[in-house]
Protein chains: 2
Amino acid sequence: MLGDRWTLLIVRELALGPRRYGDLLDALPGMGTSLLATRLKHLEEYSVLRRIALPGPGRAAAYELTDRGESLMPVLASLAEWGAGLDEPPAEFTTRAAWGMVAMRVTASGEAASYDTLTELVVDDEAMWVRGDGTKVRVQLGRAPLDPALRMACARPTFFALARGQTTVDEAVESGHLSIDGGLADARRFFRLFHMPGARRTDSL
Amino acid sequence: MLGDRWTLLIVRELALGPRRYGDLLDALPGMGTSLLATRLKHLEEYSVLRRIALPGPGRAAAYELTDRGESLMPVLASLAEWGAGLDEPPAEFTTRAAWGMVAMRVTASGEAASYDTLTELVVDDEAMWVRGDGTKVRVQLGRAPLDPALRMACARPTFFALARGQTTVDEAVESGHLSIDGGLADARRFFRLFHMPGARRTDSL
DNA sequence: CGGCATCCATTTTGATACTG
DNA sequence: CAGTATCAAAATGGATGCCG
């Protein structure tokens, strides 16, 4: 059910909220459009995801994880944990900030649910926003729906250094790598609650 | 590194100890022999497995998980857990007892390491043996190397019913589905310490 | 023989054109 | 923009060959 090529990658993309067909195509470079249609159909048959009508004008179609699909988060978590433990950086592989965010989300402790500051994070050209509702965390791709209480922007290496705990928020701000619009304390808290698993590398920034 | 077809299936096979090339081919029906060689080479490059010379006469070659490969057990565990949670039995998929044993191993609690009874389990034509050494459990395919203190034999449905906790050892023995050579208490302990994750189905035996 | 490399007929896939 | 149709290129399964 999950072993076919692309399948878990689609699940990973949907881990940060619903996505439209075209978005998925963009997020999965190299994947053919007809193959995406096939995989989506299979995953829908298996009740891993469902088609939904996006709210707002146009009622655009999108795909969203079902509960069964959400229950795959531990799978993504264990894979993220394994990948984070590799000593050698996978140079030949690309790394997107959103993937790091997925890793942060799926391995975040329950305590992260208490992070109720609407936070927007822009890494290069990738925007994400995060907010806990007390019960669970919501992490989503795109700009924050409302005016965020905390807004951070940085480049990808800085994001990963922060996510892996190799740099502190204070250091990153001082060096000018991280710009913060909002409370510094919230920013510190964000990277304390959400962090990538098993980071071990000591690459320089 | 892991997403290519067959890759995680190879890891699963090696989860129950070293296997030789031909054994892997038999365990992976449908996989071409040249493709197996390719995958093994890649996994060796990535230090997920290594070639070893099997002890004994002939010093036959075999493949064994490295520490990095062993650290993939949580990935197998999360996948097993997910699969076990499916309501609908995957009728179109085959299920081997060894795969159930992998699920039992990877999700067993640390307490299972204290299971120091050399136990042989024969399910249809698949033999496996288990023993904890106090620190960790060893689960391996094949006949037990020494005379086991506990020997159990049953058919696949019985094994899965026991593994999922839908049947008790006592019931299975009484109904003649499970034969035990050794201590009944050990058998009960075995299925208490090792059990499949999140079993929910209530199929009849 | 077991452990692979080679070769080839199919199947799967990626890229692109196309349609509602 | 969402998805289908099409086609060439790549991956694969199976048979076969090689080699210690």
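We name chains A, B, ... by the order of the sequence lines, and we start the count at 1 in each one.
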B/Asp186 and B/Arg189 ion-paired at < 4.0 Å: no

Between B/Arg96 and B/Glu126, does at least one N-O distance fall below 4.0 Å, as a salt bridge requires? yes

For A/Leu28, does its backbone N or O pair with a side-chain atom of A/Trp6 as donor and acceptor, under 3.5 Å? no

So, is A/Arg59 close to the D/dA2 phosphate, meaning a side-chain N or O under 4.0 Å from OP1 or OP2? no

Using whole Å, what does the distance between atom P of nucleotide D/dT4 and atom CG of A/Leu25 come to? 12 Å

d(A/Met196 CE, A/Thr107 OG1) to nearest 0.5 Å is 8.0 Å

Could you say whether A/Arg20 or B/Pro29 is positioned toward the 5' end of DNA chain D, judged by the nucleotide with the nearest heavy atom to each? A/Arg20

Interatomic spacing from NZ in B/Lys41 to CG in B/Leu36 - rounded to 0.5 Å: 10.0 Å

Rounded distance (Å) that lies between atom P of D/dG3 and atom CG of A/Leu36: 9 Å

Out of curiosity, B/Leu9 CG to B/Arg39 CZ, how far, rounded to the nearest 0.5 Å? 10.5 Å

Rounded to the Å, how far apart are B/Tyr21 OH and D/dC19 C1'? 14 Å

Rounded to the nearest angstrom, tell me the gap between atom CG in B/Asp26 and atom P in D/dG14. 13 Å

Inter-residue atom distance A/Cys154.SG - A/His177.NE2, 0.5 Å rounding: 10.0 Å

Distance in Å, B/Leu14 CG paired with B/Leu65 CG, rounded so as to fall on 0.5 Å steps: 4.5 Å

D/dA11 C1' sits how many Å from B/Asp4 CG, rounded? 10 Å

Just how far, in rounded Å, is P of D/dG3 from CD1 of A/Ile10? 12 Å

Could you grab the distance from atom CZ of A/Phe191 to atom CG of A/Leu178, nearest 0.5 Å is fine? 6.5 Å

Please report, rounded to the nearest Å, how far the C1' atom of D/dG13 is from the CE atom of B/Met31. 10 Å

Base, sugar-phosphate or nothing for B/Ala61? Non-hydrogen atoms, less than 4.0 Å. sugar-phosphate

Is the distance from OP1 or OP2 of D/dT4 to the nearest side-chain N or O of A/Lys41 less than 4.0 Å? yes

On DNA chain C, which is the earliest and which the latest nucleotide, 5' to 3', with an atom closer than 4.0 Å to a heavy atom of chain B? C/dG3 to C/dT6

With a 4.0 Å cutoff (strictly under), does any side-chain N or O of B/Arg5 reach OP1 or OP2 of D/dT12? no

Close N/O contacts between protein and nucleotides 5-10 of chain D (under 3.5 Å):
none

